[in-house]
Number of protein chains: 2
Amino acid sequence: MHQPDHLKNAGLKTTLPRLKVLSLFESGRERHMSAEDVYKQLLSTGDDVGLNTVYRVLTQFEQAGLLVRHYFEGGKSVFELNHGTHHDHIVCLQCGHVEEFYDASIEARQEIVAAERGFTIREHSLYIYADCNKMPCPNK
Amino acid sequence: MHQPDHLKNAGLKTTLPRLKVLSLFESGRERHMSAEDVYKQLLSTGDDVGLNTVYRVLTQFEQAGLLVRHYFEGGKSVFELNHGTHHDHIVCLQCGHVEEFYDASIEARQEIVAAERGFTIREHSLYIYADCNKMPCPNK
DNA sequence: AATGCAAATGATAATTGTTCTTATTTGTTG
DNA sequence: CAACAAATAAGAACAATTATCATTTGCATT
């Protein structure tokens, strides 16, 4: 069992709501979820957790480094498991569907752009906003 | 007078609130402003414009291509004059200094990445966070 | 296993940023 | 300068998020 350890290490009590939220992310059903998404997923499996608790837990998990928060257009936050490896995101403006990508060429160009200006890159965020062109949109 | 022309060309009536908002941006006092920022700036000069009108006008200006909207972290929109040229930003983590850049290669790769996944790009935002390595940092 | 207490939760309300509704006013066109 | 469509202001409505606070829960200590 490593889930409780994650919580313990973060100085968080091992509570039912926290375990439910964490295992939902670890189930892999949805990689990117907003607070509302998590809330509805838990509701659908009978695991009622208050929406405010979901918000609180997500924020705590972010601070503990268990989750990564993304600020997408439309003003809502989306979370995903922090698996350590960098990637960028392409987000559908119609349905909110998110896909990850990694492009070595883009990464390399960024290094060059920074170097040309005398900067040393610490991190970066690239979000492509697009239409997924799927009918109907997966998440809609 | 070119401001009214901008409005006319966009199919927008030349109204007082629109002129006030536009000239505030063109004054150059602040390059990036949220709806709230614009509202307060106008209040401070006695040019009362309702906050809802500010929102409406900003959205219209964005659609007309006069302004560009940025979605910043924290879920609020910020606008700036549209100088016609798309650019990304590199931000110094030490001093907050911001430089704009445009890299055709990165732009092209994004199109490819999106196309490979069946997406049609609407827009994108790329922020590089770095150290500017200038001693002392320009803005510090 | 029972006790105590800090920490966590849930219900509710408050906040923030933004959009909608509708009656009134304003800009333009004839 | 009259008429009519378009734009505005005031206030309500909304969605995402955060705060308040009484009750409950996890967990260390008996």
Side-chain angles (χ1 to χ4, degrees), chain A residues 1 3-24 32-43 46-64 66-67 69-79 91 93 95-96 98 139-140, chain B residues 1 3-22 24 32-43 46-64 66-67 69-79:
Chain A
M1 296 252 291
Q3 287 178 14
D5 288 354
H6 282 158
L7 298 177
K8 285 261 172 61
N9 294 343
L12 299 170
K13 276 188 185 174
T14 309
T15 66
L16 236 48
R18 283 172 183 159
L19 288 176
K20 286 174 181 172
V21 171
L22 191 50
S23 61
L24 172 58
H32 302 85
M33 284 181 284
S34 67
E36 195 71 29
D37 293 335
V38 171
Y39 176 69
K40 284 179 181 162
Q41 282 288 329
L42 293 180
L43 264 191
D47 299 309
D48 295 37
V49 176
L51 180 56
N52 49 356
T53 300
V54 170
Y55 273 104
R56 234 182 338 220
V57 169
L58 289 176
T59 300
Q60 290 163 341
F61 284 4
E62 182 202 4
Q63 287 165 351
L66 293 172
L67 296 178
R69 179 197 299 254
H70 298 287
Y71 296 90
F72 288 159
E73 290 197 1
K76 64 171 78 176
S77 297
V78 173
F79 298 80
V91 186
L93 289 173
C95 65
V98 179
N139 291 3
K140 214 173 196 175
Chain B
M1 294 253 289
Q3 288 178 15
D5 289 353
H6 282 158
L7 296 178
K8 285 261 172 61
N9 294 342
L12 298 170
K13 277 189 185 173
T14 310
T15 66
L16 237 49
R18 284 172 182 159
L19 288 176
K20 286 173 179 171
V21 171
L22 191 49
L24 173 58
H32 299 84
M33 284 181 285
S34 67
E36 194 72 28
D37 294 335
V38 171
Y39 177 69
K40 284 180 183 161
Q41 282 288 328
L42 294 180
L43 265 190
D47 300 309
D48 295 37
V49 176
L51 179 56
N52 47 359
T53 299
V54 171
Y55 273 104
R56 211 175 328 114
V57 169
L58 289 176
T59 301
Q60 290 163 339
F61 284 5
E62 182 202 7
Q63 287 164 352
L66 292 171
L67 297 178
R69 179 198 296 256
H70 297 287
Y71 296 88
F72 282 174
E73 297 196 354
K76 64 171 77 178
S77 297
V78 174
F79 298 80

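Proteins get letters first, then strands, A, B, ... in listed order; numbering begins at 1 in each. Since this is a predicted model, take the numbers as computed values, not measurements. All heavy atoms count here, side chains included; hydrogens, waters and symmetry mates do not.
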Q | B/R56 vs A/T59, nearer the 5' end of DNA chain D by closest nucleotide | A | B/R56
Q: Hey, which sits more toward the 5' end of DNA chain D by its nearest nucleotide, A/S34 or B/P17?
A: B/P17
Closest to the [X] side chain: [options]?
X     : options               : answer
B/K13 : D/dT8, D/dA5, D/dT18  : D/dA5
A/Y55 : D/dT17, C/dT12, C/dA8 : D/dT17
A/V57 : D/dA10, C/dT9, C/dA8  : C/dT9
A/A35 : D/dT17, C/dT18, C/dA8 : D/dT17
B/T53 : C/dT18, D/dG26, D/dA9 : D/dA9

Roughly how many Å is it from [atom1] in [X] to [atom2] in [N], rounded to a whole number?
X     : N      : atom1 : atom2 : value
B/Q63 : C/dT19 : CD    : C1'   : 13 Å
B/K20 : C/dG27 : NZ    : P     : 10 Å
B/E36 : C/dT15 : CD    : P     : 15 Å
B/L12 : C/dT26 : CG    : P     : 19 Å
A/D37 : D/dT17 : CG    : P     : 10 Å
B/L16 : C/dG27 : CG    : P     : 6 Å
B/Q60 : C/dC20 : CD    : P     : 12 Å
A/F61 : C/dA8  : CZ    : P     : 11 Å

Q. Think A/T15 has a side-chain N or O under 4.0 angstrom from the OP1 or OP2 of C/dA7?
A. no
Q.
Using OP1 and OP2 only, check whether a side-chain N or O of B/S77 sits under 4.0 Å from C/dG17.
A. no
Q. Which is it for A/V91 and A/H32 under the side-chain contact (heavy atoms from CB on, under 4.5 Å) test, yes or no, and what are the steps along the way?
A. CA-CA 11 Å; A/V91 186; A/H32 302 85; over 6 Å; no
Q | Any donor-acceptor N or O pair under 3.5 Å, side chains A/R56, A/T53 | A | yes
Q) Could you go step by step and tell me if A/D37 and A/F79 meet the side-chain contact (heavy atoms from CB on, under 4.5 Å) rule? A) CA-CA 10 Å; A/D37 293 335; A/F79 298 80; over 6 Å; no
(Q) Using side-chain heavy atoms (C-beta onward) and a distance below 4.5 Å, is A/R18 in contact with A/T14? (A) no
Q) Looking at side-chain heavy atoms only, is the closest gap between A/R69 and A/T59 below 4.5 Å? A) yes
